Amino acid sequence: MVAALLALGLVLSASVALGAGVVNINTASAEQLTLLPRVEASLASRIVAFREENGGVKKADELILVRGIGEKTFEMLEVFVSIKGETTLREKASAPRANPSGSDA
């Protein structure tokens with residue numbers, strides 16, 4: 001029961017995050033990339049350099065190959081990134097919280 005509620009919370013958080021917009025990591029400017037949670041100018045520059053060196057990003061999880069993005073950070077960014085379409089995120093996004101109440105129940 002608790003696991004089901006936590007899973008539902010994560011799905012709802014992701015749905016809210018998706019409603020905020022996405023950043024196309026293949027076409028976004030460094031400035032647009034800084035709209036992603038925990039992405040500042042230096043990391044945005046590394047993302048741009050990575051995609052230029054590799055001919056674009058074929059799967060979003062390739063971001064893990066960028067210095068400064070590990071698995072945990074990617075999990076946070078995943079709901080906000082796309083490899084196709086337009087960048088629709090217009091303001092700095094906040095990472096969705098897995099358990100906003102702070103309790104395990």
Side-chain angles (χ1 to χ4, degrees):
M1 176 78 169
V2 172
L5 290 173
L6 288 174
L8 178 61
L10 289 173
V11 168
L12 291 175
S13 294
S15 296
V16 169
L18 286 174
V22 296
V23 173
N24 181 331
I25 55 177
N26 278 319
T27 60
S29 66
E31 182 178 346
Q32 289 172 312
L33 289 166
T34 64
L35 298 176
L36 294 167
R38 296 196 182 169
V39 175
E40 300 302 330
S42 60
L43 181 53
S45 295
R46 289 195 300 271
I47 294 169
V48 170
F50 176 84
R51 74 177 188 219
E52 289 174 355
E53 292 168 7
N54 293 286
V57 177
K58 286 134 190 87
K59 295 189 321 185
D61 64 357
E62 291 177 21
L63 282 178
I64 293 174
L65 301 173
V66 177
R67 186 174 51 88
I69 301 178
E71 288 184 33
K72 297 259 188 214
T73 300
F74 175 72
E75 287 174 11
M76 179 190 344
L77 298 176
E78 188 172 20
V79 298
F80 297 105
V81 298
S82 173
I83 58 168
K84 296 180 183 177
E86 292 187 36
T87 292
T88 58
L89 190 62
R90 300 290 178 233
E91 55 188 52
K92 184 74 172 181
S94 297
R97 293 183 179 185
N99 189 0
S101 69
S103 67
D104 291 335

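What you are looking at is a predicted structure, and each value in this text was computed from that prediction instead of being measured. All values below come from the heavy atoms of this structure, side chains included, with hydrogens, waters and symmetry mates left out.
- Nearest approach of Glu86 to Val22, heavy atoms of both residues: O-CG2, 4.0 Å.
- Both Leu77 and Ile47 belong to a common hydrophobic cluster when Ile, Leu, Val, Met, Phe, Trp and Tyr are linked at side-chain heavy-atom distances under 4.5 angstrom.
- Between atom OG of residue Ser94 and atom CE of residue Met76 there is a gap of 10.5 Å, rounded to the nearest 0.5 Å.
- By the side-chain contact (heavy atoms from CB on, under 4.5 Å) test, Lys72 is found to be paired with no residue, residues two or more places apart in sequence or in another chain being considered.
- One N or O on the side chain of Thr87 and one on the backbone of Asn24 form a donor-acceptor pair closer than 3.5 Å.
- Here CD of Glu78 is found 8.5 Å from CD1 of Ile64. Values are rounded to the nearest 0.5 Å.
- Closest approach of Phe80 and Ala93 over heavy atoms only: CE2-CB, 3.5 Å.
- The side-chain contact (heavy atoms from CB on, under 4.5 Å) check on Leu35 picks up Leu89, with sequence neighbours excluded.
- Across Lys84 and Ser82, no two heavy atoms sit closer than the pair O-OG, 2.6 Å.
- Around the CZ atom of Arg46, the shell of radius 6.0 Å holds more than 12 heavy atoms that belong to other residues, nucleotides or ligands.
- Listed by chain and residue number, Glu31, Gln32 satisfy the side-chain contact (heavy atoms from CB on, under 4.5 Å) test with Ser29 (two or more places apart in sequence, or in another chain).
- Hydrophobic clustering (ILVMFWY, side-chain heavy atoms < 4.5 Å, transitive): Ile69 and Leu33 are in one cluster.
- The structure places CD of Glu62 at 8.5 Å from CG of Asn26, a figure rounded to the nearest 0.5 Å.
- Of the listed residues (Val48, Leu43, Thr73), just one forms a side chain to side chain contact (heavy atoms under 4.5 Å, CB included) with Val66, and that residue is Leu43.
- Arg38 CZ to Leu36 CG: the interatomic distance, rounded to the nearest 0.5 Å, is 12.5 Å.
- Across all their heavy atoms, Val23 and Ala28 have their closest contact at CG1-CB, 3.5 Å.
- With sequence neighbours left out, Ala41 forms a side-chain contact (heavy atoms from CB on, under 4.5 Å) with no residue at all.
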